Asks: 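Sending over a structure as structure tokens; questions will come in a sec.
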There are 2 protein chains.
Amino acid sequence: MAPLSQQMQQLSETCSHCSLRYLCLPDHLDSHDLEKLERLVDSGAPVLAETELFAQGEGLTHIYAVRNGSAKTVRIDEEGFEQILGFYYPGDILGFDGFADQHHHCSAVALETSHFCRIPVDQLDALVDELPSLRQRLVRLMSQVLSEDGRMMLTLGRKDSEGRISSLLLGLSRRRALRGMPASSVPLNMKRADLANFLSMRLETVSRVLTRLQRAGVIKVSQNRVDILDRDALRERSSRGAWVADQS
Amino acid sequence: MAPLSQQMQQLSETCSHCSLRYLCLPDHLDSHDLEKLERLVDSGAPVLAETELFAQGEGLTHIYAVRNGSAKTVRIDEEGFEQILGFYYPGDILGFDGFADQHHHCSAVALETSHFCRIPVDQLDALVDELPSLRQRLVRLMSQVLSEDGRMMLTLGRKDSEGRISSLLLGLSRRRALRGMPASSVPLNMKRADLANFLSMRLETVSRVLTRLQRAGVIKVSQNRVDILDRDALRERSSRGAWVADQS
DNA sequence: CACTGCGATTGACCTGGATCAATACAACCA
DNA sequence: TGGTTGTATTGATCCAGGTCAATCGCAGTG
């Protein structure tokens, strides 16, 4: 339950007044440039849970910023396997991977009823040519994703189930903190199957690990929400069990 | 042993005459823009095996394109775990992840004696503001990496040891084909430990899988080189053993 | 040539987590 | 209130691959 004032702020139509401007595209833009960006943004109707924002293979027409709510991106690879690539929260941008060849390489789906800012790519493209600050911002955001992907590969490759869950929870918590939301109470808006898919575990294992962590007094689980009781213990578990690579 | 003519071509000082221009930064640039880019590029002395091009944490001053030879990127995460993020071949760019905060988030190390093109970031940055075509090219290359990262996460998360090795071999082979090199004979310039680290397996397992594939007549292993005897079988194995995710 | 050292291979064993299957719980509807 | 459906938890079993350890092969070196 965020206070009403905060909700209003987040839903404000203009980037300049958006509480997320320092996380999102607008960061580092001066008010003049920001105004131009603002004019591109279309904050449309609410998107219902399970609704696709864009589909894999589709042409790239817009990128999206999460305004409120949450989303996931899913890719189905050549062999038909489905992989959740990430979860997205207010201020995050969806659609960067489409710039490669002007087609989306994954689908984006709302996890709950959410609002998104739609930004038409062609106009953004033109504006980027005009505003060096915007280009830099864009490159930085993409580069950030790259470096987060690296971290994720490490998690998937090196950590055991407990480490993966712990890392995920800490990550979600950290991202809440960035947004000024209570970091010790993390809502799991996605289903267990989504978590399992994302972390490359079976959902039974997700369940087991969550209860194990609960029994150990590290977290408190209640269906769609996890309270972090002992952050240090969680941190400890997120790296314990990760195995060290052989020396080259 | 590439023919001398090809070596000469690859080592040509100018992008315009470089045989890799269609893979590398210059692609899609007209001759006028290309000339400007060319002036930034410094193709320095050969880099010896095991030498660092740049180190994690270091400020971003240059990005590098592989001219010939090969390299790997390695990241050491907060908890001290070392992860190889990728292998790089002629035409590939190293250093993109540094744009996030002007610092490298991984180290780059030559796998063998290699040549690299050094491009100073500040000058590149200025040129990018000047040339929209270069900006687009840059964004596309970064976006490509993003989408390849997605594929890699899937491999790490979903595939068993045989699938991982098979995928890797096919990937290396495909990249050779792109460069016009014999695709059925793949040199493994990195050590087994590097392969293992990259694929998140133990080196013993890498060894076992390679010999298993050899015994099955799919490949022929000879210390630092793998010959692909039955590409279809390899493809089959690269997806077999990958498990399907639970439905959300 | 013997010696050393590094990397690759192979063998034997054991554990984490996938798999299969049953049960529990909540929301929703008739 | 009971039935139905979707989701989460828990239990029992099994195996891929991690772990430990021995061996081998080759390159360099005194």
Side-chain angles (χ1 to χ4, degrees), chain A residues 49-50 72 81 84 111-112 155-168 187-216 219-226 237-238 240-248, chain B residues 49-50 72 81 84 111-112 155-168 187-216 219-226 237-238 240-248:
Chain A
E50 301 292 304
K72 62 178 174 182
F81 299 109
I84 293 180
L111 288 173
E112 59 195 305
T155 297
L156 286 181
R158 292 255 132 66
K159 295 186 178 180
D160 64 5
S161 54
E162 207 170 282
R164 294 183 197 194
I165 293 279
S166 304
S167 299
L168 178 91
L188 298 182
N189 356 50
M190 67 298 284
K191 305 191 183 147
R192 294 286 187 276
D194 285 336
L195 280 183
N197 181 313
F198 180 61
L199 297 174
S200 295
M201 307 165 41
R202 304 260 84 167
L203 60 83
E204 295 94 324
T205 310
V206 171
S207 204
R208 274 187 251 271
V209 171
L210 283 176
T211 56
R212 197 192 311 160
L213 288 176
Q214 169 157 252
R215 266 202 268 278
I219 60 173
K220 166 94 172 44
V221 186
S222 51
Q223 60 264 9
N224 285 328
R225 152 160 264 99
V226 168
R237 279 159 198 262
S238 85
R240 183 186 342 153
W243 45 275
V244 186
D246 305 300
Q247 211 53 262
S248 72
Chain B
E50 301 292 304
K72 62 178 175 182
F81 299 110
I84 293 181
L111 289 173
E112 58 196 305
T155 296
L156 286 180
R158 292 255 132 65
K159 295 185 179 180
D160 64 6
S161 55
E162 207 170 282
R164 293 183 197 194
I165 293 279
S166 305
S167 299
L168 179 91
L188 297 183
N189 358 48
M190 67 298 284
K191 306 188 183 151
R192 294 285 186 277
D194 285 337
L195 280 183
N197 180 313
F198 180 60
L199 297 174
S200 295
M201 305 165 43
R202 301 264 97 174
L203 61 85
E204 295 95 325
T205 310
V206 171
S207 203
R208 273 187 253 270
V209 172
L210 283 176
T211 56
R212 197 193 311 160
L213 288 176
Q214 168 156 254
R215 267 202 267 276
I219 59 173
K220 166 93 172 45
V221 186
S222 52
Q223 60 261 11
N224 285 329
R225 151 161 264 99
V226 169
R237 279 158 198 263
S238 85
R240 188 192 329 161
W243 44 277
V244 186
D246 305 299
Q247 212 51 264
S248 71

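Note that the structure is a prediction, hence the values are computed from the model and not measured.
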Asks: Measure CG/A:Asn224 against P/C:dA27 and give the value in whole Å, please.
Replies: 10 Å

Asks: Contact class for A:Leu210 (heavy atom, under 4.0 Å): base, sugar-phosphate, or nothing?
Replies: nothing

Asks: Let me know the distance between CZ of B:Arg192 and C1' of D:dC24, rounded to the nearest Å.
Replies: 14 Å

Asks: C:dG7 C1' sits how many Å from B:Leu188 CG, rounded?
Replies: 14 Å

Asks: Given side chains that start at C-beta, do those of A:Ile165 and A:Val206 come closer than 4.5 Å, heavy atoms only?
Replies: yes

Asks: May I have the distance from B:Ile165 (atom CD1) to D:dA16 (atom C1'), rounded to whole angstrom?
Replies: 14 Å

Asks: Any heavy-atom pair between the side chains of B:Ser166 and B:Leu213 that's under 4.5 Å?
Replies: yes

Asks: Heavy atoms under 4.0 Å is the rule here; annotate nucleotides 13-24 of chain C 5' to 3' with B where the base is hit, S where only the sugar-phosphate is, and - elsewhere.
Replies: ----SSBBB---

Asks: Are A:Asp194 and A:Leu111 side-chain neighbours, meaning at least one heavy-atom pair lies under 4.5 Å?
Replies: yes

Asks: Distance check needed: D:dA8 C1' versus A:Met190 CE, whole Å only.
Replies: 16 Å

Asks: Check the distance between D:dA8's C1' and A:Leu195's CG and give it to me in whole angstrom.
Replies: 12 Å

Asks: Are any non-hydrogen side-chain atoms of A:Arg192 and A:Leu210 less than 4.5 angstrom apart?
Replies: yes

Asks: I need the minimum non-hydrogen distance between B:Phe198 and B:Leu156, along with the two atoms involved.
Replies: O-CD2, 3.9 Å

Asks: Rounded to the nearest angstrom, tell me the gap between atom CD in B:Gln214 and atom C1' in C:dA8.
Replies: 13 Å

Asks: Counting C-beta onward and ignoring hydrogens, is there a side-chain heavy-atom pair between A:Arg164 and A:Met201 closer than 4.5 Å?
Replies: yes

Asks: Would you tell me if any nitrogen or oxygen in the side chain of A:Thr211 comes within less than 4.0 Å of OP1 or OP2 on D:dT10?
Replies: yes

Asks: Using atom CG of B:Leu203 as one end and atom C1' of D:dC24 as the other, report the distance to the nearest whole Å.
Replies: 15 Å

